[in-house]
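These figures come from a predicted structure and were not determined experimentally. Sequence lines set the chain letters: A, B, ... in the order given, protein chains first and strands last, and positions in each chain run from 1.
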Number of protein chains: 2
Amino acid sequence: MAKGKSRQARRETLVGAARQAVLEYGTDAKLVHVAHAAGVTSGAVLYHFPDVKELLLEANRAGLERFYDERVAALATFDDPVEQLVVTVRNGLPVDSHDGSVRLLCELGGAAGRQPVYAALLTSLYDRQVAMYESMLKVGAARGVFRLASNALTIARNLVALEDAYGYRIIAGHPTIDRDIAVSLILDYARTATDNPLVINSEGDDEQ
Amino acid sequence: MAKGKSRQARRETLVGAARQAVLEYGTDAKLVHVAHAAGVTSGAVLYHFPDVKELLLEANRAGLERFYDERVAALATFDDPVEQLVVTVRNGLPVDSHDGSVRLLCELGGAAGRQPVYAALLTSLYDRQVAMYESMLKVGAARGVFRLASNALTIARNLVALEDAYGYRIIAGHPTIDRDIAVSLILDYARTATDNPLVINSEGDDEQ
DNA sequence: AAGAAATTTGAACATCCCTTCAAACTATGG
DNA sequence: CCATAGTTTGAAGGGATGTTCAAATTTCTT
């Protein structure tokens, strides 16, 4: 299947297959798994990516970027800092324990202790997410919507940290902490940190 | 080396070696690595643990328990809730990016998405740490030292979550977030959550 | 000290996995 | 339709790893 693709498209297909394989078998997924996910044999994969590790790295890097890009894109659809904050918190959390994006983050978090490349990628992602929240907080403060209890950087760091941690809990299938609970836990902090009730009044979207 | 040990002691030695191997090579460390860390050959390891996976599991379980036990032990040496809180937060964080205990937690966090056993172990650890903080907070509130901004469970969950997340950041070698920064970030939250400055005034122990 | 039991070794074996490569296949231009 | 370049296959090679096991070694018992 998938015969007449261009070189670039073929590589992207394989990167996608690799991402899938990592989700299923961990950061050191096997070449066979990637090949199977792509519907080809090992040799075909090697033809495009002579080094398997390079393919895995590319797949994981792409996965992280996609996660971040989607967050930014979702954020951009709102103007109200309150809406932005609430929606972004929710978006940063996995839907359930099978959520692919966050499971990838967790996988890489484990590998970061051994593989500096993944440590660097995750650190970069964290910093960018912090900057994202920091900007949101500062805009809200400038507009008088937020009255920040600490400096924006501190709050932003803590918000991303909470997201990360509850992501792990949800992926691990915590019996009582699902996405909604995690959202309310994080917003509990965000409320006191911003001195804002963080309620979206324009619609009937009630956070449990 | 290590000849005349009892069966039980021998197993513990091997479990320790396995723990070391996991830190170096990840959750799927190889039998050879364990054997080398223990100073024996593969066969000797298999004699005591016919299944390698079982040994790895036992090693990781033991590592988690030790982490928790040490926290509780350190906690027990203080009576003042403020001291308890500050010291416990610090103790939950890795000393640096090479900290063994926390690196193990990170490793397992990555594997939890695929292996339910590790998910269960980490969930249990999280809940016990939450209970630990919850108790601390309630005692402090009862004594009038803390005035909790939310219910104790919420604050406790967030405190452990922050610890976990900053543990990952430190293990990943974040350039600006070390243990001291992480402590102050977490205490920034804890201060508003407990309405207490969280300063230890009884001694001249200045955190670096 | 001698025999029995427990433990460890080291090698053999089977399996898995990455890599290479010649041959087969496909697409595309002439 | 042919020729050429690009792509994929499938098999073979080689290294690493888990497992088994008889022999060697050590420890325990008497």
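Atom CD1 of A/Ile186 sits about 12.0 Å away from atom OG1 of B/Thr154, to the nearest 0.5 Å.
Taking side-chain N and O atoms only, B/Arg10 has no distance below 4.0 Å to OP1 or OP2 of C/dA6. Look at A/Thr41 and you'll find a side-chain N or O under 4.0 angstrom from OP1 or OP2 of D/dT9. OP1 or OP2 of D/dG6 has not a single side-chain nitrogen or oxygen of A/His48 nearer than 4.0 Å.
Heavy-atom distances under 4.0 Å link DNA chain D to no residue of residues 14-24 of chain B.
Classification of A/Glu65 and A/Arg128 as a salt-bridged pair holds, one side-chain N sitting under 4.0 Å from a carboxylate O. A salt bridge does not link A/Asp28 with A/Lys53: none of the charged nitrogens is closer than 4.0 Å to a carboxylate oxygen.
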Quick one: which protein N/O atoms are closer than 3.5 Å to N/O atoms of nucleotides 14-19 of chain D? Pair and distance per line, please.
residue, atom, partner, partner atom, Å
D/dG18, OP1, B/Leu31, N, 3.1
D/dG18, OP2, B/Leu31, N, 3.1

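Rounded to an integer number of Å, the gap from B/Arg7 CZ to C/dA5 P is 16 Å. In this structure, NE2 of A/His36 is placed 16 Å from C1' of C/dC17, rounded to the nearest angstrom. The OH atom of A/Tyr47 sits 15 Å away from the C1' atom of C/dA22 (whole-angstrom rounding). As a whole-Å value, the separation of A/Arg11 CZ from D/dG6 C1' is 15 Å. Atom CZ of A/Phe49 is separated from atom C1' of D/dT7 by 15 Å (rounded to the nearest Å). D/dT7 atom P lies 12 Å from atom CD of A/Gln8, rounded to whole Å.
With hydrogens and angles ignored, the 3.5 Å screen pairs a side-chain donor or acceptor of B/Asn158 with a backbone N or O of A/Leu185.
Residues B/Leu23 and B/Leu104 are in side-chain contact: their nearest non-hydrogen atoms beyond the backbone lie under 4.5 Å apart. Residues B/Met132 and B/Arg71 are in side-chain contact: their nearest non-hydrogen atoms beyond the backbone lie under 4.5 Å apart.
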Problem set entry | Worked verdict on B/Tyr168 versus B/Val102 for side chain to side chain contact (heavy atoms under 4.5 Å, CB included) | CA-CA 8 Å; B/Tyr168 273 97; B/Val102 182; over 6 Å; no

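Not counting sequence neighbours, A/Arg191 has no partner by the salt bridge (Lys or Arg N to Asp or Glu O under 4.0 Å) test.
With B/Phe49 as the aromatic partner, B/Arg11 meets the cation-pi criteria of under 6.0 angstrom to the ring centre and within 45 degrees of the ring axis.
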